[in-house]
Amino acid sequence: MEERTRAYLRGRFSDYYRRADVPLPPSADEREWGFIPWTEGPDETMVRHRDLLDLGEVGAFLRRKRPRHVYFSAGRYETPGAATMAEKEWRGADLVFDIDADHLPTVTLGEDTYAEMLAKSKDALVKLLDFLEADFGFDDLSIVFSGGRGYHVHVRDDAVFPLERDERREIVDYVRGTGLGFESLVREETVSGLGVKNPTTRRTLPADGGWGRRAVEHIDDFVDELLAVDERDALLRLQTFDGVGEKNAEAVLNVVQNNTEAVRSGNVDVHPAFLNVARQLLAETVEAEEAPIDEPVTTDTHRLIRLPGSLHGGSGLAVTPIERDDLGEFDPLVDAVPETFVGHDIRVDVEREYELAMRGETITVAPGEQTLPEYAGVFLMARGWAEKAAE
């Protein structure tokens, strides 16, 4: 990045912070703070181990330092400004999740557009929220667009505050479906009643919550798929499962057609051949429904995370808090574009051809000097794909 570009961005970030009202996280004085300034050279140097006494009033600090990135710690400490973690005296930490397009199995880097990556990140976020709200019952959640290629979720429930790294790893394993075994998930039920001389047991997947609910919903969709096609196609579909030949496929299809409600309710003992299919359907469920989080972020009790309301120095977009009810309508390429950068055009020298979708319009840029809306120019410069041209 050339000095002209760096100076321009530094100045415009300062203009943003003069207008912005950046709220503090809860217990801000118990957290470590860090930032990355607009320094020369290819490397970004983190300044950390600061507390609020070091920074002073945060709004004034942001206006004065106009940092490239700003962070605060998920952990809370007795002495947050101490130089070592041992000296800080850890008290507990928020439970933080990071959804980043770089770690999503559905994203193809170099092929997916920025807008497509953000859309896939949002889909992953919705899956994560289902786990946190439906399975864990958390309601004190803070949802934030990271300003980059994903989302952060902060859980500030009292129950998670004291959890150590290994305990947080268990939560990670749960939302990822790591090590989820079929036998550990099924329940045994006693079958008895009028006319039943010798009570027996049957195995069912629990449909009332957790991974059992997801597996039963997947089985339900699979039943719909089989019943919607002709018998020949249904048998061919069943034979795609390991260990299911023509005979077993006929047996499973017969069960699905004649014991539909039992299958839909999670009864996996309706036929031995169906039990084999159900095991593989659970594996499909995990692959489709896991929350693909950046695991080290959640297990790290000392992690620094971006400050909501600050600017992301790699995009020029705002790190934006999102109300839960507003998530469906939230569009980061509209709602996270700072008003400070709207209504002005600037000259930039673009390095390569790029198609950028922002504020509801698509802007196609070619290599070379050109005039662009400032928010588009800031984005390209912050990404390292353009330099500030002389006006």
Side-chain angles (χ1 to χ4, degrees), residues 1-77 79-85 87-88 94 96 98 142 144-148 152 154 302-321 336-342 344 346 348 374-375 377-384 386-388:
M1 181 179 291
E2 297 176 356
E3 178 54 33
R4 189 209 310 264
T5 304
R6 185 164 41 251
Y8 183 86
L9 292 174
R10 186 190 303 120
R12 293 301 279 150
F13 271 44
S14 180
D15 293 337
Y16 168 83
Y17 286 121
R18 278 198 292 270
R19 302 180 185 184
D21 180 17
V22 180
L24 294 179
S27 305
D29 60 340
E30 298 176 6
R31 301 181 188 273
E32 178 190 351
W33 291 77
F35 65 96
I36 296 176
W38 291 95
T39 52
E40 295 184 21
D43 298 326
E44 295 182 341
T45 302
M46 168 75 81
V47 178
R48 60 176 304 176
H49 302 301
R50 301 293 193 266
D51 59 20
L52 283 187
L53 288 176
D54 297 320
L55 267 60
E57 196 273 319
V58 170
F61 162 79
L62 294 172
R63 292 188 294 272
R64 182 178 70 255
K65 286 290 188 180
R66 55 264 177 108
R68 190 171 187 172
H69 307 275
V70 189
Y71 307 90
F72 69 98
S73 66
R76 286 156 54 182
Y77 307 94
T79 312
T84 67
M85 290 301 167
E87 292 174 317
K88 290 182 192 297
D94 304 336
V96 177
D98 180 23
S142 175
V144 182
F145 169 59
S146 71
H152 299 154
H154 305 248
H302 304 291
R303 175 68 58 161
L304 297 184
I305 199 79
R306 290 188 183 277
L307 175 65
S310 67
L311 291 181
H312 190 299
S315 69
L317 297 176
V319 183
T320 308
V337 176
E339 286 297 320
T340 302
F341 306 149
V342 175
H344 314 279
I346 59 171
V348 293
E374 186 179 28
Y375 57 82
V378 166
F379 177 84
L380 293 172
M381 289 187 291
R383 298 295 290 173
E387 299 287 353
K388 182 68 180 70

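If you read the sequence from its start, that first residue is 1, and numbering goes on from there.
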Note to self: Between S146 (side chain only) and H152 (backbone N and O only), is there a donor and an acceptor less than 3.5 Å apart?
What the structure shows: no
Next item on the list: Using the six-membered ring wherever Trp is involved, compare the ring planes of H69 and H312 and label them parallel, tilted or perpendicular (cut-offs 30° and 60°).
Entry: perpendicular
Next item on the list: Find the distance between CD (E374) and NE2 (H344) and round it off to the nearest 0.5 Å.
Entry: 5.5 Å
Notebook entry, point to check: Could you give the distance from CZ (R18) to CG (D15), rounded to the nearest 0.5 Å?
Noted result: 4.0 Å
Next item on the list: Might you point out which heavy atoms bring T5 and K388 nearest each other, and give the distance in Å?
Entry: OG1-N, 2.8 Å
Item checked: Ring centre gap for F13 and W38 strictly below 6.0 Å -> yes
Next item on the list: Could I get the full list of salt bridge (Lys or Arg N to Asp or Glu O under 4.0 Å) partners for E87, not counting sequence neighbours?
Entry: none
Next item on the list: Decide side-chain contact (heavy atoms from CB on, under 4.5 Å) for L311 and F341; before the verdict, give the C-alpha distance in whole Å, the side-chain angles of both, and the deciding distance to 0.1 Å.
Entry: CA-CA 12 Å; L311 291 181; F341 306 149; 4.1 Å; yes
Notebook entry, point to check: Just one of I36, L62, L307 clears the side-chain contact (heavy atoms from CB on, under 4.5 Å) bar with P67, so which one?
Noted result: L62
Next item on the list: For E2 and R4, indicate whether the former's side chain and the latter's backbone hold a donor-acceptor pair under 3.5 Å.
Entry: no
Check: From Y77 OH over to R31 CZ, what is the distance, rounded to the nearest 0.5 angstrom?
Finding: 9.5 Å
Check: How many angstroms lie between NE2 in H154 and CG in D98, if you round to the nearest 0.5 Å?
Finding: 9.5 Å
Next item on the list: Would you please name every residue forming a salt bridge (Lys or Arg N to Asp or Glu O under 4.0 Å) with R64, sequence neighbours left out?
Entry: none
Checklist line | Steps toward side-chain contact (heavy atoms from CB on, under 4.5 Å) verdict (V378, L9) | finding: CA-CA 7 Å; V378 166; L9 292 174; 3.9 Å; yes
Notebook entry, point to check: Do you know which two heavy atoms are closest between P308 and R306, and how far apart they sit?
Noted result: CD-O, 3.2 Å
Check: Any idea which heavy atoms bring A318 and Y16 closest together, and the distance?
Finding: CB-OH, 4.0 Å
Margin query: Testing the basics here: between A74 and V96, what is the closest heavy-atom pair and its distance to 0.1 Å?
Written below: CB-CG2, 3.6 Å
Note to self: So, taking the atom named CG in D54 and the one named NE2 in H49, what distance separates them when rounded to the nearest 0.5 Å?
What the structure shows: 11.5 Å
Next item on the list: Tell me, with the steps shown, if I346 and R12 meet side-chain contact (heavy atoms from CB on, under 4.5 Å).
Entry: CA-CA 12 Å; I346 59 171; R12 293 301 279 150; over 6 Å; no
Next item on the list: Would you please classify the geometry between the W33 ring and the F72 ring as parallel, tilted or perpendicular, with 30° and 60° separating the classes?
Entry: tilted
Next item on the list: Mind listing the closest non-hydrogen atom pair of M1 and E387 along with its distance?
Entry: CA-OE2, 3.5 Å
Checklist line | S14 vs R10, side chain to side chain donor-acceptor pair (under 3.5 Å): CA-CA, chis, key distance, verdict | finding: CA-CA 6 Å; S14 180; R10 186 190 303 120; over 6 Å; no
Notebook entry, point to check: By side-chain contact (heavy atoms from CB on, under 4.5 Å), which residues pair with L304, not counting sequence neighbours?
Noted result: E32, M46, R48, Y71, S73
Note to self: Go through it in stages, so that I can follow the logic: the residues are V337 and L317, the test is side-chain contact (heavy atoms from CB on, under 4.5 Å), and I'd like the CA-CA distance, side-chain angles, deciding distance and then a yes or no.
What the structure shows: CA-CA 5 Å; V337 176; L317 297 176; 3.9 Å; yes
Margin query: Could you report the tightest heavy-atom contact between V58 and L24, atom names first, then the distance?
Written below: CG2-CD2, 3.4 Å
Item checked: Value rounded to 0.5 Å, distance of NZ in K65 from OH in Y17 -> 14.0 Å
